[in-house]
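Step one of this worksheet: look at the structure below.
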Amino acid sequence: MKKVALSLAGVLAAAAFAPEASALPAFARQTGMACSACHFQHFPVLNGFGQAFRASGYTLMGAQGKVEGEHLSLPDTMNAAFLLKVRYQKNNNAVAAGTTPGSSEATGQVQFPDEYSLFFGGRIADSDNIKIGFMTENAPLGGGFGAGIFNGIKVPVVVSLGAADVLVVPYITDALGAAYGFEQSSTGVTRGIRWAEHRREVSAAQFTGVGSGAAQGVAFVAKTDMGYVNFSKWHAGVGTGNMTSTWLRVAATPTVADWNLHVGFGLASGSSQAATADAGVETKGNTIDVQAQGELAGMETSFYLQNSTANKTSAAAAASGFVNQYNNSTVNDVKATSVGADFTVIPHTLSVGVALRNGKNKGGFTDNATTVAVVYDLFMNVALVANYSMYSGNAKDNGGYATHCGTVTGSNCMTLMLEASY
């Protein structure tokens, strides 16, 4: 803990000399706007404008040139961006004699890269009442599905009906969950959009697994300024499937006393074929979440509350030889509640957050976590990130805690990370 304290102190000491700068990743190139136009506090948390940009199907353009003609409106450049994460992670699990340093997170491990993704996205078509866009996430160094390149693809088709928009979004992802087709919160309902790096520790939906996993389907969305409904038909896999699982998401997005709120409920139900060779899986779980973005004592501030349950595998599913995608226990539900707060103590530069998670794992054992998260933006597109999580509960003596640092039988997990997009 002493080393962590020194590391965080160094970040705080450097903050006063940090420059403020703008970045131009894929969508910034298309819109001609700085990253802060769409992101609240720090990447990847979305503000109201960023949520509106996503809801428009990624089609908004700025000063960038266009290729236009009758029934044609395209950017004159294919907009792309790389996301790079380099991490050092360490937990305090016991280290066996003779273990090679760096071979496990118990000894301290540099993960270079932890993630290296290539994104393409932007406008496909645009008219007064129909917009079509796309976003793809690719892993040039391998991983993902198909040929080992693609991690996620979605193609939103947006039809404007005046006061409301209707979206149809075909999507596929190897890990980001059933809500990947359309989601506006940063609470962790989808794996890639959570406010801190330690996803299982700050997001109840990530702890239960309801916010992650392979998924392929179509999202049907109705959206107004006051909220949205997402009804997705999908299947738990990335190959040929029957899309008989359902994701239902209902969310309200009002502004109250200058605070932008997001209050939502999500329900995964049904069962589906996981892959052509598998019998199938249940997909049963739910999440309730609240997000608030505003100012407190002159600081940009976010509050997060989430409760999630992954239902135990039903007797009928077990009799058929398959399990719940999120929880293979036939005895206990997996449950969690998480609360968090994130404060920007130096504008556009330094944010400090804290989160508490109370969980019950599939064995019925208590798995709790307390997390401190620090994001120091060298530039809008380059950040130093420090997350430190401490665990408690009787899960330690019954298999260990399920954490961002793998299965931890000790009491902490530390992540120091350089994150850059360009």
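From a predicted model like this one, the values you see are computed outputs, not experimental measurements. Reckoned from all heavy atoms, side chains included, excluding hydrogens, waters and symmetry mates.
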| With a 4.5 Å heavy-atom cut-off, do L305 and F303 have their side chains touching? | no

| Around D397, counting heavy atoms of other residues, nucleotides and ligands shown, do more than 12 lie under 6.0 Å from its CG? | yes

| message | What's the separation between atom OG1 in T403 and atom CZ in R357, rounded to the nearest 0.5 Å? | response | 8.5 Å

| task | Report yes if the side chains of S232 and Y171 come closer than 4.5 Å at any heavy-atom pair, otherwise no. | result | yes

| Donor-acceptor pair, Q30 side chain versus Y58 backbone, under 3.5 Å? | yes

| task | Check the side chains of Q51 and N260 for a donor-acceptor pair under 3.5 angstrom, ignoring hydrogens and angles. | result | no

| Can you find a side-chain donor-acceptor pair between T371 and H198 that sits under 3.5 Å? | no

| message | Is it the case that atom CG in N394 sees more than 12 heavy atoms from other parts of the structure closer than 6.0 Å? | response | yes

| Taking it one step at a time, do T187 and Q306 satisfy side chain to side chain donor-acceptor pair (under 3.5 Å)? | CA-CA 7 Å; T187 60; Q306 193 172 57; 3.3 Å; yes

| Does the side chain to side chain contact (heavy atoms under 4.5 Å, CB included) test come out yes or no for W195 and Q291, once each step is laid out? | CA-CA 11 Å; W195 65 275; Q291 171 183 291; over 6 Å; no

| said: Pair H404, N387 - check side chain to side chain contact (heavy atoms under 4.5 Å, CB included), show working. | reply: CA-CA 10 Å; H404 195 78; N387 281 199; over 6 Å; no

| note | Of all heavy-atom pairs linking S186 and V45, the shortest is OG-CA, 3.5 Å

| said: To the closest 0.5 Å, what do you measure between OH (Y376) and CG (L418)? | reply: 12.5 Å

| query | Does D377 use its side chain to pair, donor to acceptor, with the backbone of M380 at less than 3.5 Å? | reply | no

| said: Holding to salt bridge (Lys or Arg N to Asp or Glu O under 4.0 Å), I want the full list of residues that pass it with E197, two or more places apart in sequence or in another chain. | reply: K85, R87, R194

| note | Heavy-atom closest pair (M226 atom, P254 atom, distance to 0.1 Å) is CE-CB, 3.7 Å

| field | F207 vs V334, side chain to side chain contact (heavy atoms under 4.5 Å, CB included): CA-CA, chis, key distance, verdict | value | CA-CA 8 Å; F207 178 84; V334 175; 3.8 Å; yes

| field | K284 side chain vs G270 backbone, donor-acceptor pair below 3.5 Å | value | no

| message | A side-chain contact here means heavy atoms from C-beta on lying under 4.5 Å apart; do M299 and V345 qualify? | response | yes

| task | Locate the shortest heavy-atom distance separating Y326 from S212; write the atom from each residue and the value. | result | CE2-O, 3.9 Å

| message | For the NZ atom on K362, are there more than 12 heavy atoms of other groups (residues, nucleotides or ligands in this structure) within a distance under 6.0 Å? | response | no

| Taking C-beta and beyond as the side chain, do V189 and W247 meet within less than 4.5 Å on heavy atoms? | yes

| said: My understanding is that only residues two or more places apart in sequence, or in another chain, count here; which of them pass side-chain hydrogen bond (donor to acceptor under 3.5 Å, both in side chains) with T136? | reply: N138

| said: Quiz question: by atom type and distance under 3.5 Å, do the side chains of T415 and Q89 form a donor-acceptor pair? | reply: yes

| field | Main-chain N/O of A80 paired to R29 side chain as donor or acceptor, under 3.5 Å | value | yes

| Just by modelled atom types, is the M243 backbone N or O under 3.5 Å from a matching donor or acceptor in the S245 side chain? | no

| What distance separates Q41 CD from D342 CG, expressed to the nearest 0.5 Å? | 4.5 Å

| Contact check, side chains of M61 and D126, non-hydrogen atoms, under 4.5 Å | no

| task | Measure across E115 and E137 and return the closest heavy-atom pair with its distance rounded to 0.1 Å. | result | OE2-OE2, 3.4 Å

| message | Pair I124, V155 - check side chain to side chain contact (heavy atoms under 4.5 Å, CB included), show working. | response | CA-CA 9 Å; I124 294 175; V155 184; 4.2 Å; yes

| request: Scan residues 331-420 for pairs that pass disulfide bond (SG atoms under 2.5 Å apart), counting only residues two or more places apart or in two chains. | output: C405-C413

| All side-chain contact (heavy atoms from CB on, under 4.5 Å) counterparts of V157, not counting sequence neighbours | I132

| request: Verify whether the ring centers belonging to Y304 and H262 lie closer than 6.0 Å. | output: no

| Quick one: does N324's side chain have a donor or acceptor within less than 3.5 Å of a partner on N311's backbone? | yes

| query | Under the side-chain hydrogen bond (donor to acceptor under 3.5 Å, both in side chains) test, which residues partner E201, sequence neighbours left out? | reply | Y391

| request: Please confirm whether the backbone N or O of E295 pairs with a side-chain atom of T301, one donor and one acceptor, at under 3.5 Å? | output: no

| task | Going by the side-chain hydrogen bond (donor to acceptor under 3.5 Å, both in side chains) test, name the single residue among T409, T407, N412, T107 that passes it with N93. | result | T409

| task | Please answer whether the main-chain N or O of L176 pairs with a side-chain N or O of R191 as donor and acceptor at a distance below 3.5 Å. | result | no

| request: State whether a side-chain donor-acceptor pair under 3.5 Å links T246 with K233. | output: yes

| field | Min side-chain heavy-atom separation N286-F265 under 4.5 Å | value | yes

| Quick one: are K90 and E105 in side-chain contact, heavy atoms under 4.5 Å? | no

| To the nearest 0.5 Å, what is the distance between NZ (K223) and CZ (F182)? | 6.0 Å

| Separation between CZ of F43 and CG of L83, rounded to the nearest 0.5 Å | 5.0 Å

| remark: Separation between OG1 (T208) and CZ (R200), nearest 0.5 Å, reads 11.0 Å

| task | Side-chain contact test, heavy atoms from C-beta onward, threshold under 4.5 Å: evaluate it for N92 versus S411 and give yes or no. | result | yes

| said: Do T330 and T313 pair up side chain to side chain, a donor and an acceptor below 3.5 Å, judged on atom types alone? | reply: no

| remark: Closest heavy-atom pair, Q206 versus G188, reported as atoms and distance to 0.1 Å, is NE2-O, 2.8 Å

| Heavy-atom closest contact (A395 atom, D367 atom, distance) | CB-CB, 4.1 Å

| query | S272 side chain to A236 main-chain N or O, any donor-acceptor pair under 3.5 Å? | reply | yes

| query | Taking atom types as modelled, is there a side-chain donor on N307 or T337 under 3.5 Å from an acceptor on the other? | reply | yes

| said: Could you check whether any side-chain N or O of T253 sits under 3.5 Å from a backbone N or O of D225, counting only pairs where one atom can act as donor and the other as acceptor? | reply: yes

| query | Excluding sequence neighbours, so at least two apart, what forms salt bridge (Lys or Arg N to Asp or Glu O under 4.0 Å) with R249? | reply | E183, D289

